[in-house]
Amino acid sequence: MASHASGWRQRETSASRNDLVIKFSEVAKHFSKKDPSSSSSSSSCAPEVGARPRWPHPFDYNSLMKAFSDAGEVEEVLRLFREMKEDFHCRPDVVCYTTVVDSLATANRPEEAVAVFEEMVSAGVIPDAAAYTVLVKLYSCHLKRFDRAYEVIRWMVKCGCAPDVITYSTLIAGLCWAGRVEEALGVLDQMLEEECRPNVHTYTPIVQAYCSRGSIEDARRLVDAMHAIGCPPNTVTYNVLIQALCKIRAFEEVEKLLEHSDAKGWKPDVVTYSIYMDGPLRVRKR
DNA sequence: TGCGGATTAA
């Protein structure tokens with residue numbers, strides 16, 4: 001494997017192009033074997049507009065609302081939410097409220113998302129960590145209102161609901177996307193103090209932030225540190241790093257990472273090869 | 001048995 005990538009970098013030969021085609025077809029075969037359903041997108045799994053649950057119970061409503069939410073059909077989510085309350089007098093529970101709030105937040109309808117959260121609280125439904133985390137995501141990732149995000153976390157603590165890894169990782173991701181890496185590292189420290197163990201989802205956005213500001217050395221160091229502290233980077237983490245390395249044309253290093261992927265305990269996927277092939281091809285096109 | 005988290009792109 002080491003030979004073909006350095007081939008692309010050095011010269012444009014038909015042999016290296018053939019290698020690329022062969023590699024690609026291998027990868028394609030691998031994925032079609034492994035996951036026969038991967039061709040169907042999430043939207044094709046969406047229920048039909050106007051669908052109703054079999055039973056007017058929160059569980060059934062939520063399953064349907066979630067399916068519409070995943071498909072980006074917010075109006076259908078809201079229709080079901082209204083229907084369960086008004087037509088069936090079926091009281092939504094935390095899970096239902098969280099699905100609706102998240103769906104609105106994702107659809108960039110923050111005011112409505114907050115209104116539904118408030119409705120939940122005034123209906124006497126106690127938010128859990130997932131419900132609060134959706135609010136943290138809204139303020140941190142969507143609105144970049146970090147003051148509000150911190151406020152939500154203080155609020156949940158006060159209500160006796162401890163923020164968990166996902167809550168903190170969500171906040172960290174928002175900070176990283178906003179370029180506030182140092183602050184994200186502060187949140188990481190806070191997690192450690194509270195003995196809330198970070199995982200790959202916590203570190204990967206930080207790796208990403210380092211990469212996007214060009215601090216590749218910091219990214220490399222963090223990836224190594226993840227191995228050392230028993231939170232090994234996975235394919236997503238490596239994809240982030242590989243993309244940054246391709247951008248600075250460090251194809252030899254990418255090649256090494258791929259070569260040692262087995263030993264490091266991760267497997268390149270479609271995204272990896274898509275990044276990997278795009279890099280050298282883009283350079284060659286110049 | 002149903003809710004919240006990180007990556008690519010034409």
Side-chain angles (χ1 to χ4, degrees), chain A residues 27 31 53-55 57-70 77 80-81 84 90 92-106 113 116-117 120 125-142 149 152-153 156 161 163-177 184 187-188 191 196-212 219 222-223 226 231 233-247 254 266-279 281-282 285:
Chain A
V27 173
F31 283 105
R54 299 210 301 189
W55 304 103
H57 290 153
F59 179 96
D60 297 281
Y61 267 104
N62 186 64
S63 304
L64 248 189
M65 289 195 297
K66 181 67 167 69
F68 278 122
S69 176
D70 287 346
V77 175
L80 287 164
F81 187 52
M84 76 181 289
C90 169
D93 59 11
V94 223
V95 179
C96 293
Y97 276 111
T98 304
T99 300
V100 177
V101 174
D102 191 38
S103 180
L104 286 166
T106 305
V116 173
F117 190 94
M120 164 173 66
V125 175
I126 312 230
D128 60 7
Y132 283 113
T133 299
V134 168
L135 263 200
V136 170
K137 179 170 92 175
L138 173 68
Y139 287 126
S140 171
C141 302
H142 296 284
V152 172
I153 292 181
M156 66 190 287
C161 178
D164 61 15
V165 219
I166 303 183
T167 315
Y168 282 122
S169 302
T170 303
L171 175 59
I172 286 174
L175 287 166
C176 287
W177 294 335
V187 175
L188 183 63
M191 281 181 79
C196 177
R197 275 195 66 174
N199 60 24
V200 228
H201 292 266
T202 320
Y203 289 110
T204 303
I206 303 176
V207 174
Q208 165 83 292
Y210 281 144
C211 289
S212 58
L222 182 53
V223 168
M226 288 172 72
C231 173
N234 63 13
T235 305
V236 177
T237 320
Y238 277 104
N239 286 348
V240 168
L241 182 61
I242 285 173
Q243 189 193 21
L245 291 172
C246 283
K247 248 178 220 155
V254 172
W266 67 283
K267 271 201 184 317
D269 67 355
V270 216
V271 177
T272 319
Y273 285 111
S274 143
I275 296 164
Y276 178 49
M277 291 192 295
D278 189 44
L281 283 173
R282 209 175 268 183
K285 269 185 236 158

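In what follows, every chain begins at residue 1, and chains take the letters A, B, ... in the order their sequences are listed.
- With sequence neighbours excluded, the residues satisfying side-chain contact (heavy atoms from CB on, under 4.5 Å) with A:Leu64 are A:Pro47, A:Ala51, A:Pro53, A:Phe68, A:Leu80.
- Judged as a side-chain hydrogen bond (donor to acceptor under 3.5 Å, both in side chains), and not counting sequence neighbours, A:Asp128 has no contacts.
- Qualifying side-chain contact (heavy atoms from CB on, under 4.5 Å) partners for A:Val134, counting only residues two or more places apart in sequence or in other chains: A:Thr98, A:Val101, A:Asp102.
- Note on A:Thr167: a base of the nucleic acid sits closer than 4.0 angstrom, heavy atoms only.
- Distances were taken from every side-chain heavy atom of A:Ser63 (C-beta onward) to each of B:dG2, B:dT8, B:dA6; the shortest belongs to B:dG2.
- The stretch residues 97-105 of chain A touches DNA chain B through A:Thr98, A:Thr99, A:Asp102, each having a heavy atom under 4.0 angstrom from the strand.
- B:dG4 atom C1' lies 18 Å from atom CD1 of A:Ile126, rounded to whole Å.
- Here the nucleotide nearest the side chain of A:Gln208, chosen from B:dG2, B:dT7, B:dG4, is B:dT7.
- The nearest whole Å value for the distance from the OH atom in A:Tyr61 to the P atom in B:dG2 is 20 Å.
- Residue A:Ala173 has its side chain nearest to B:dA6 when only B:dG4, B:dG2, B:dA6 are considered.
- Distance, A:Lys137 NZ to B:dC3 P: 13 Å, rounded to whole Å.
- Side-chain proximity of A:Thr133 to B:dA6, B:dG4, B:dT8: nearest is B:dG4.
- In this structure A:Tyr97 satisfies the side-chain hydrogen bond (donor to acceptor under 3.5 Å, both in side chains) test together with A:Glu119, sequence neighbours excluded.
- For a distance-only test at 3.5 Å, the side chain of A:Asp60 fails to qualify as a donor-acceptor partner of the base of B:dG2.
- Centre separation under 5.5 Å together with a plane angle under 30° holds for the ring of A:His201 and the six-membered base ring of B:dG5, marking them as stacked.
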Would you tabulate the side-chain donor-acceptor contacts of residues 237-247 of chain A under 3.5 Å, counting partners in other chains and residues two or more places apart, or write 'none'?
from, atom 1, to, atom 2, distance (Å)
A:Thr237, OG1, A:Thr204, OG1, 3.0
A:Thr237, OG1, A:Asn234, N, 3.2
A:Thr237, OG1, A:Asn234, OD1, 3.1
A:Tyr238, OH, A:His227, NE2, 2.9
A:Asn239, OD1, A:Thr272, OG1, 2.6
A:Asn239, ND2, A:Thr235, O, 3.4
A:Asn239, ND2, A:Asp269, OD1, 3.3

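- Put simply, the side chain of A:Asn234 and the base of B:dA6 share a donor and an acceptor less than 3.5 Å apart.
- On a pure distance criterion of 3.5 Å, no polar donor-acceptor pair joins the side chain of A:Thr170 and the base of B:dG5.
- Which of B:dC3, B:dT1, B:dA6 sits closest to the side chain of A:Phe59 comes down to B:dT1.
- Not a single donor-acceptor pair, N or O on each side, falls under 3.5 Å between the base of B:dG4 and the side chain of A:Asp128.
- Closest to the A:Val240 side chain, of the nucleotides B:dG5, B:dG2, B:dT7, is B:dT7.
- Atoms CG (A:Asn239) and P (B:dA6) sit 14 Å apart, rounded to a whole Å.
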